[in-house]
Structures are given as C-alpha cells and as structure tokens.
Amino acid sequence: MQVQLSKWGNSLGLRLPRSLARQIGASEGQKVNIVADGARLIIEPVAPALTLQDLLVNVTPEAMRAAFDWGEDAGRERVDE
C-alpha cells in the first residue's frame, strides 16, 4: 500500500488509510514509537502506563477465594477447631 507524505508545519506527516488503521487497531490520539531501521520505519504502539488500581480492578474477595480454593482439608493438613 502506498501513501504520500505531507508537509505538516516544519515536519512531514504520514496518514494511515482507515482500512489499515482498523487492521492494526490504531485510533486517533494513540501514542506510538517510531524507530528507523536503515531505510525502514517501524511504528509500534506505546503500551499504556498501568496503575496499581488498574491492575487490581478484577481482584475481589470472591475471585481470591476461587483462586485459592483447593478443596477440603485431608490428612495432616486438617486443622481441628
């Protein structure tokens, strides 16, 4: 697929056709890294910065019980109350 570079202020801009943007999951405002590899350009999405709150959003008491429920006590691991 060929596209044309356009002047954008003192820089050059590259427009992605809609079909290509959809194919790679690109969206307006998304940040990307651009790396030159000889005469090639490699454009990669920037991974979003996650907070601890983002990482723990699905950690609930119910989910924790399910994660650590290995069944009834048996043998020497049995604890009498």
Side-chain angles (χ1 to χ4, degrees):
M1 174 181 301
Q2 290 186 358
V3 295
Q4 185 173 352
L5 297 174
S6 302
K7 187 167 175 66
W8 191 347
N10 291 328
S11 301
L12 292 176
L14 175 67
R15 290 185 178 198
L16 298 179
R18 181 181 299 180
S19 61
L20 180 60
R22 283 185 181 159
Q23 181 181 345
I24 65 172
S27 60
E28 182 180 358
Q30 180 179 3
K31 293 187 178 190
V32 296
N33 284 325
I34 301 176
V35 179
D37 181 15
R40 303 179 99 188
L41 293 178
I42 301 171
I43 303 172
E44 299 175 316
V46 173
L50 298 174
T51 64
L52 182 59
Q53 185 174 359
D54 295 333
L55 296 171
L56 295 177
V57 71
N58 292 321
V59 177
T60 63
E62 294 79 21
M64 293 304 294
R65 275 196 279 305
F68 292 101
D69 183 13
W70 50 78
E72 293 292 320
D73 294 341
R76 293 183 61 195
E77 69 186 24
R78 184 173 301 243
V79 178
D80 295 324
E81 294 181 32

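No experiment lies behind these values; they were computed from the predicted model shown. The residues of the chain are indexed from 1 along the displayed sequence.
Here L16 contributes atom CG and L14 contributes atom CG; the two are 5.5 Å apart, rounded to the nearest 0.5 Å.
When the side-chain contact (heavy atoms from CB on, under 4.5 Å) test is applied to S19, the partners found at least two apart in sequence or on another chain are M1, P17. Every residue two or more places apart in sequence or in another chain that forms a side-chain contact (heavy atoms from CB on, under 4.5 Å) with L52 is listed here: L56. Partners of L50 according to the side-chain contact (heavy atoms from CB on, under 4.5 Å) rule, which considers only residues two or more places apart in sequence or in another chain, are D54, L55. Residues that satisfy the side-chain contact (heavy atoms from CB on, under 4.5 Å) test with R65, not counting sequence neighbours, are P61, E62.
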Output side-chain donor-acceptor pairs under 3.5 Å for residues 33-47, partner residues at least two apart or in another chain, one line each.
none

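In this structure, T60 contributes its side chain and A63 its backbone to a donor-acceptor pair below 3.5 Å.
Among residues at least two apart or in separate chains, there is no side chain to side chain donor-acceptor pair (under 3.5 Å) pair with a member in residues 7-16.
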